[in-house]
Amino acid sequence: MNEQRRQILEMLAAGKITADEAERLIAALERGGNGAGASVTAGKPAPRYLRVIVDKAEDMGGDTMTKVNIRVPLQLLRAGVRLAGLIPKDARAHVDEALRERGIAFDLSQLKPENVEELIRQLNDLTVDVDSAHGLVKVSVFCE
Amino acid sequence: MIPMFAVIRLEGRRRRFSFYLPLFLIWLLLLPFVLLALPIVLLATLLFGLRPLRLVGAGYGLLASARGTHVEVQHPHTNVLMHVY
């Protein structure tokens, strides 16, 4: 593994590859080892569900916190986007305006199935720690 | 395939309720109403310049993709669970 990493760095130093390419190659090495990372990622089954879990980040003593565990099929997300695509232009403008009034600058016409796929790809494993009255709360959003 | 069953579980301090909803029976009951509403939907889609088949397809897709939805909220004294099969 170290030898391969050294080779990548040598290629970068020689200017044969760019820094981005080197970074991707190293990331692939770390994922799969022996350069098989990319194929491992490609062979990974497509995620089917979006999970949202709200739990305690650490045991604060007592058990007063509300825990949430939600699993939504990604197909539902895709179907919703397809349905949103059928909204007439006039109605879409009204929705955009209503969202803007509530401080959400969002263009509904930009919501396309390919954007959702990109979002799903990027949403690998997102964890947000929220400091609340019940202590540190961990909000995890990920696809599985 | 559209969802056929749903489970709703409510758990309080003393009592616990579980509902097993046979959704397929609800779909069967709703079918005559859907058929009655179809001409109105068709008219509305034509009025708003929508493609009725795409709309019906997208609506069915939305319903069918609801299978596997799981919502669970645990509170110290109350638990709520819903699962769509």
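Every chain is numbered from 1, with letters handed out A, B, ... down the list of sequences. Bear in mind the structure is a predicted one, so any value in this text is a computation, not a measurement. All heavy atoms count here, side chains included; hydrogens, waters and symmetry mates do not.
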With the side chain counted from C-beta on, respond yes when [X] and [Y] share a heavy-atom pair under 4.5 Å apart, and no when they do not.
X: Thr66(A); Y: Val54(A); answer: no
X: Arg100(A); Y: Asp96(A); answer: yes
X: Phe142(A); Y: Ile53(A); answer: yes
X: Phe17(B); Y: Ile8(B); answer: no
X: Arg9(B); Y: Tyr20(B); answer: yes

Where is the tightest heavy-atom contact between Leu83(A) and Gly59(B), given as atom of each residue plus distance?
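Residues Leu83(A) and Gly59(B), closest heavy atoms: CD1-N, 3.9 Å.
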Highest number of heavy-atom pairs under 4.5 Å with chain B among Pro88(A), Gly80(A), Pro73(A) belongs to Pro73(A)
| chain B contacts, top residue of Asn69(A), Val52(A), Ile70(A) (heavy-atom pairs, under 4.5 Å) |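 Highest number of heavy-atom pairs under 4.5 Å: Asn69(A).
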Would you compute the distance between atom [atom1] of [X] and atom [atom2] of [Y] and round it to the nearest 0.5 angstrom?
X: Arg48(A); Y: Arg71(A); atom1: CZ; atom2: CZ; result: 8.5 Å
X: Glu97(A); Y: Arg92(A); atom1: CD; atom2: CZ; result: 15.5 Å
X: His70(B); Y: Arg51(A); atom1: NE2; atom2: CZ; result: 7.0 Å

_Part of residues 21-58 of chain B lying next to chain A, heavy-atom separation under 4.5 Å_ =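 Checking residues 21-58 of chain B against chain A gives Phe48(B), Leu50(B), Arg54(B), Leu55(B), Ala58(B).
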| message | Non-hydrogen contacts under 4.5 angstrom with chain A: give the residues of residues 77-85 of chain B involved, or none if there are none. | response |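 Listed by number, the contacting residues are His83(B).
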Worksheet item: Taking a hydrophobic cluster as the set of Ile, Leu, Val, Met, Phe, Trp and Tyr residues connected by side-chain heavy atoms closer than 4.5 Å, whether directly or through intermediates, do Leu62(B) and Leu77(A) fall within one such cluster?
Response: yes
